[in-house]
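For clarity, every value in this text was computed on a predicted model and none was experimentally measured.
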Amino acid sequence: GASISLPANLLAFLDIMLTWPYLNKAGVRQMIIGYARVSTNHQDTELQMMALKAAGCEQIHEERASGRNTNRPVLRKLVNALQPGDELVIWKLDRMGRNVLYVLLMLQTLVEKKVNIRSITDAVDMSSASGRYNFRNIINIAQYESDLNSERTLAGLAIARSKGRFGGRRPKFTDEH
């Protein structure tokens with residue numbers, strides 16, 4: 001089949017429209033707000049921050065917290081502050097969390113507030129049927145990966161214990177040693 005090529009000026013216009021702030025149905029200007037999260041203090045959010053700025057985020061909120069941890073004050077405060085018509089942009093869906101139930105509850109809260117979610121690297125935009133389909137598949141995969149990691153860790157610890165090795169810090173010196 002023949003392929004259709006679009007003029008360069010139309011492609012440039014479409015590219016601008018992907019990140020252009022718009023008015024929601026109530027006539028209120030939409031805010032594009034980013035959320036970046038890393039799990040440890042040894043990681044940094046630079047890559048996420050660059051992608052979120054390129055996606056047109058007007059504000060970006062950063063947090064350091066494990067994906068398994070549901071106590072995330074920055075995300076909670078951000079979600080509470082979002083208004084109808086706003087869009088929450090994340091670099092990757094697993095930045096919201098690794099627990100499927102937690103992420104689904106977060107999604108429900110955002111949908112009820114009429115806030116759209118867009119994930120840059122996962123090609124998810126919850127304003128479309130395809131985006132919602134991709135979202136459900138990706139969070140299930142994230143949960144699966146997290147569960148596999150836990151199983152591998154527990155299996156490794158069991159093997160170490162069977163060989164007489166135990167995790168944790170070595171005992172402190174006693175008066176005898």
Side-chain angles (χ1 to χ4, degrees), residues 6 11 14-22 24-25 30-156:
L6 297 173
L11 291 174
L14 291 173
D15 187 49
I16 290 168
M17 291 306 295
L18 290 175
T19 58
W20 191 263
Y22 61 89
N24 65 14
K25 291 178 183 171
Q30 173 196 30
M31 291 286 293
I32 302 173
I33 301 170
Y35 174 73
R37 180 188 63 78
V38 290
S39 297
T40 69
N41 287 328
H42 302 301
Q43 298 171 318
D44 70 51
T45 58
E46 184 178 1
L47 177 62
Q48 293 178 53
M49 297 295 284
M50 289 171 49
L52 292 168
K53 287 175 187 169
C57 292
E58 300 163 58
Q59 299 173 16
I60 301 174
H61 301 260
E62 290 182 81
E63 187 158 47
R64 295 194 190 297
S66 168
R68 290 181 164 272
N69 185 356
T70 58
N71 179 22
R72 293 206 232 122
V74 173
L75 182 59
R76 185 173 48 251
K77 185 177 178 182
L78 170 59
V79 168
N80 289 336
L82 291 168
Q83 299 296 311
D86 288 348
E87 181 172 65
L88 177 60
V89 182
I90 50 181
W91 181 65
K92 199 171 174 68
L93 278 174
D94 69 0
R95 300 299 83 200
M96 289 188 76
R98 297 245 181 205
N99 178 297
V100 172
L101 180 59
Y102 176 77
V103 175
L104 287 173
L105 291 171
M106 178 71 60
L107 171 66
Q108 179 181 358
T109 300
L110 293 168
V111 167
E112 288 170 357
K113 291 183 80 154
K114 297 181 176 26
V115 171
N116 188 44
I117 301 170
R118 182 165 42 116
S119 172
I120 297 168
T121 61
D122 297 314
V124 168
D125 184 336
M126 296 296 288
S127 65
S128 73
S130 296
R132 290 186 295 275
Y133 175 79
N134 288 343
F135 173 82
R136 287 188 294 269
N137 288 329
I138 291 167
I139 62 167
N140 282 323
I141 290 168
Q143 177 75 54
Y144 175 69
E145 287 176 348
S146 180
D147 291 348
L148 281 178
N149 192 33
S150 293
E151 286 178 6
R152 285 191 295 265
T153 300
L154 292 174

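Residues I117 and M106 fail the side-chain proximity criterion, which asks for heavy atoms closer than 4.5 Å. Counting heavy atoms from C-beta outward, P73 and E63 have side chains that approach closer than 4.5 Å. Using a 4.5 Å heavy-atom threshold, the side chains of Q48 and V38 count as touching. When side chains are defined from C-beta on, L82 counts as touching L110, because their heavy atoms get closer than 4.5 Å.
Listed here is the closest heavy atom pair of G34 and L88: C-CD1, 4.4 Å. Taking both residues in full, the closest heavy atoms of S119 and K92 are given as OG-CA, 3.6 Å, listed atom of the first, atom of the second, then distance. Between E62 and V74, the shortest heavy-atom contact is O-CG1, 3.5 Å. R37 approaches R95 most closely through the heavy-atom pair O-NH1, 2.6 Å.
By the side-chain contact (heavy atoms from CB on, under 4.5 Å) test, V111 pairs with L107, sequence neighbours left out. Residues forming a side-chain contact (heavy atoms from CB on, under 4.5 Å) with S130 (at least two apart in sequence, or on another chain): S128. Every residue two or more places apart in sequence or in another chain was checked for a side-chain hydrogen bond (donor to acceptor under 3.5 Å, both in side chains) with T153, and none qualifies. Checked against side-chain contact (heavy atoms from CB on, under 4.5 Å), E151 has the following partners two or more places apart in sequence or in another chain: L148. For Q83, there are no side-chain hydrogen bond (donor to acceptor under 3.5 Å, both in side chains) partners at least two apart in sequence or on another chain. Evaluation of the side-chain contact (heavy atoms from CB on, under 4.5 Å) rule for E112 yields Q108 as partners, not counting sequence neighbours. Remark: N134 pairs with no residue by the side-chain hydrogen bond (donor to acceptor under 3.5 Å, both in side chains) rule, at least two apart or across chains. Evaluation of the side-chain hydrogen bond (donor to acceptor under 3.5 Å, both in side chains) rule for Q43 yields no partner, not counting sequence neighbours.
When atom types are taken as modelled, the side chain of K53 and the backbone of I60 share no donor-acceptor pair closer than 3.5 angstrom. N149 contributes no side-chain N or O that, together with a main-chain N or O of E145, makes up a donor-acceptor pair within less than 3.5 Å.
Rounded to the nearest 0.5 angstrom, L93 CG and T121 OG1 are separated by 7.5 Å. Residue C57 holds its SG atom at 8.0 Å from CD of E87, rounded to the nearest 0.5 Å. Rounded to the nearest 0.5 Å, atoms CD1 (I120) and CG (L52) are 4.5 Å apart. Considering CG of D147 and CZ of R152, their distance stands at 10.5 Å, rounded to 0.5 Å. Atom-to-atom distance recorded for K114:NZ and Q30:CD is 14.5 Å, nearest 0.5 angstrom. W91 contributes atom CH2, which lies 5.0 Å from atom CG of L47 (distance to the nearest 0.5 angstrom).
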Exercise for the section: Show your reasoning for whether side chain to side chain contact (heavy atoms under 4.5 Å, CB included) applies to D86 and I33. Expected result: CA-CA 7 Å; D86 288 348; I33 301 170; 4.2 Å; yes
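Checked options N137, I141, I138; the residue passing with D122 is I138 (criterion: side-chain contact (heavy atoms from CB on, under 4.5 Å)).
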